[in-house]
**Q** 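Supplied in structure tokens, the structure appears directly below.
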Amino acid sequence: MPVAEVLAILLAGVAAGTINTIVGSGTLITFPTLLFFGYPPLVANMSNNIGLLPGGVSGAYGYRRELNGQAAVLRRLLPMSLLGGVTGAGLLLWLPARVFDTIVPALIGLGLALVFFGPGMQRRAAAHHDAVAHDAVPLKGSRRLLLPAGIFLAGIYGGYFGAAQGVILVGLMSVLMAETLQVINAVKNILGLAVNAVAAVVFVAARGGQIDWAVAALIGLGSLAGGVIGARVGRRLPPGRLRAVIIIVGSVAILRLTVLR
């Protein structure tokens, strides 16, 4: 592997680990980077999933203080994330590879749209949380049913592709939970990590020979450092610049897969 390619993938891993911890769309950095260097989409997706696991661990650990008092929420939602992740990973492997190759531009486009509209969703959620006392809106009735169902569907998406899964989770929980956005982000990190982990187990068990372990290791090293950066320093970074980078890289990937194919 050329030195330039090694450095590019390693740096993409750092950026993805940082962004995943803060925003939740780091795959839109690493996945297009792998496509740029000629890796097949299915191989790139599986290798990227495994590579981002260390960053998920370091990011979740960095947000451990915000998880205080969230044990009941995690007990309720984690099984849905795990089930969704297994389902999504199974669909990726069960459906013909050409199906994934065909819909990748649409999936990246969906991720970019979520990144673009995510700030508006979060502002509305913040206004809602400011207007409502912390325990004023208990999770009951339709909200108690909608939240696990939504987490399950987000898990399917995350297990199948994963780009901007964190944005989906934050938007969903912001609407259906009466918690601060920092707490929601901490829960998001745990749920996203669970989806990626169970999907990785499925990929290794079923298609271990197709995973590029060198790529996974490079992304893993980078994302591990990125998770630490995201938890400690990333909150100070201008989110608008991060989103701009994501949208530019993702748009280039779509052009490469469609117009420039």
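Note: hydrogens, waters and symmetry copies are ignored here, and every other heavy atom, side chains too, is used. Heads up: numbering here begins at 1 and tracks the sequence.
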**Q** If you compare all heavy atoms of Leu74 against all heavy atoms of Pro79, which two are closest, and at what distance to 0.1 Å?
**A**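 Scanning both residues completely, I find the closest heavy atoms to be O-CD, 4.0 Å.
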**Q** Please evaluate residues Tyr160 and Leu95 with respect to the criterion side-chain contact (heavy atoms from CB on, under 4.5 Å), reporting the C-alpha separation (whole Å), side-chain torsions for both, the decisive distance (0.1 Å), and the verdict.
**A** CA-CA 11 Å; Tyr160 187 82; Leu95 294 174; 4.2 Å; yes
**Q** When rounded to the nearest 0.5 angstrom, what distance separates CG in Leu93 from CE in Met46?
**A**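 Atom-to-atom, Leu93:CG and Met46:CE are 6.5 Å apart.
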**Q** Restricting to side-chain contact (heavy atoms from CB on, under 4.5 Å), what partner residues turn up for Arg64, sequence neighbours left out?
**A**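 Arg64 satisfies side-chain contact (heavy atoms from CB on, under 4.5 Å) with Tyr61 once adjacent residues are dropped.
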**Q** Is the closest side-chain heavy-atom distance between Leu82 and Val195 below 4.5 Å?
**A** no
**Q** Where do Ala89 and Phe203 come nearest, in terms of heavy atoms and distance?
**A**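 Shortest heavy-atom contact: CB-CE2, 3.7 Å.
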**Q** Stepwise, does the side-chain contact (heavy atoms from CB on, under 4.5 Å) test hold for Met173 with Leu191?
**A** CA-CA 11 Å; Met173 289 188 287; Leu191 298 182; 4.2 Å; yes
**Q** Is Ile190 reachable from Leu172 through a run of I, L, V, M, F, W or Y residues, each pair having side-chain heavy atoms under 4.5 Å apart?
**A**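 Result: yes, single cluster for both.
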**Q** Could you pull out all donor-acceptor pairs under 3.5 Å where a side-chain atom in residues 221-231 meets a protein atom, sequence neighbours excluded?
**A**
| unit_1 | atom_1 | unit_2 | atom_2 | d |
| --- | --- | --- | --- | --- |
| Ser223 | OG | Gly51 | O | 2.9 |
| Ser223 | OG | Gly55 | N | 3.1 |
| Ser223 | OG | Ile219 | O | 3.1 |
| Ser223 | OG | Gly220 | O | 3.2 |

**Q** Taking all non-hydrogen atoms of both residues into account, name the closest pair between Glu66 and Ala186 and its distance.
**A**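 Closest pair (atom of Glu66, atom of Ala186, distance): CB-CB, 3.6 Å.
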**Q** Where do Tyr39 and Asn48 land on the side-chain contact (heavy atoms from CB on, under 4.5 Å) test, with the steps shown first?
**A** CA-CA 11 Å; Tyr39 293 92; Asn48 176 67; over 6 Å; no
**Q** One pair to check against side-chain contact (heavy atoms from CB on, under 4.5 Å): Gln165 and Thr27. What are the steps and the verdict?
**A** CA-CA 9 Å; Gln165 176 192 188; Thr27 291; over 6 Å; no
**Q** Give a yes or no on whether Val43 and Phe100 share a hydrophobic cluster (residues Ile, Leu, Val, Met, Phe, Trp, Tyr; joining criterion: side-chain heavy atoms under 4.5 Å apart).
**A**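 The answer is no; the residues belong to distinct hydrophobic clusters.
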**Q** Where the side chain of Asp212 meets the backbone of Ser47, is there a donor-acceptor pair that is under 3.5 Å apart?
**A**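 The answer is no, because no donor-acceptor pair under 3.5 Å joins these two groups.
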**Q** What pair of heavy atoms forms the shortest contact from Thr21 to Gly17, and how long is it?
**A**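 What the structure gives for the nearest pair is OG1-O, 2.9 Å.
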**Q** Got Phe31 and Leu35 here, is their nearest side-chain heavy-atom distance under 4.5 Å?
**A**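 Sidechains of Leu35 and Phe31: in contact.
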**Q** If I take atom CD1 from residue Ile9 and atom CZ from residue Phe37, how far apart are they, to the nearest 0.5 angstrom?
**A** 6.0 Å
**Q** Do Met80 and Leu147 have side-chain heavy atoms sitting under 4.5 Å apart?
**A** no
**Q** Nearest 0.5 Å please: distance from the CD1 atom of Ile29 over to the CG atom of Leu52.
**A**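 The CD1 atom of Ile29 sits 11.0 Å away from the CG atom of Leu52.
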**Q** Would you say Val201 ends up clustered with Trp94 if hydrophobic residues are merged whenever their side chains have heavy atoms under 4.5 Å apart, either directly or through other cluster members?
**A**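 The answer is no; the residues belong to distinct hydrophobic clusters.
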**Q** Any link between Val3 and Leu10 through a network of hydrophobic side chains (Ile, Leu, Val, Met, Phe, Trp, Tyr) touching at under 4.5 Å?
**A** no
**Q** Which distance, rounded to the nearest 0.5 Å, do you find between the CG of Leu169 and the CG of Leu77?
**A** 9.5 Å
**Q** Only pairs at least two apart or in different chains count here, so list each side chain to side chain donor-acceptor pair (under 3.5 Å) that has a residue in residues 186-203.
**A**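 Listed by first then second residue: Asn185-Lys188.
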**Q** Cluster question for you: counting only ILVMFWY and a side-chain heavy-atom cut-off of under 4.5 Å, with indirect links fine, are Val198 and Leu83 together?
**A**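 Not linked; separate clusters.
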**Q** Hey, could you give me the CD1/CD1 distance between Ile151 and Ile156, rounded to the nearest 0.5 Å?
**A** 12.0 Å
**Q** Which heavy atom of Ala16 sits nearest to which heavy atom of Gly26, and what is that distance?
**A** CB-O, 3.4 Å
**Q** How far does CG of Leu92 sit from CZ of Phe161, to the nearest 0.5 angstrom?
**A** 10.0 Å
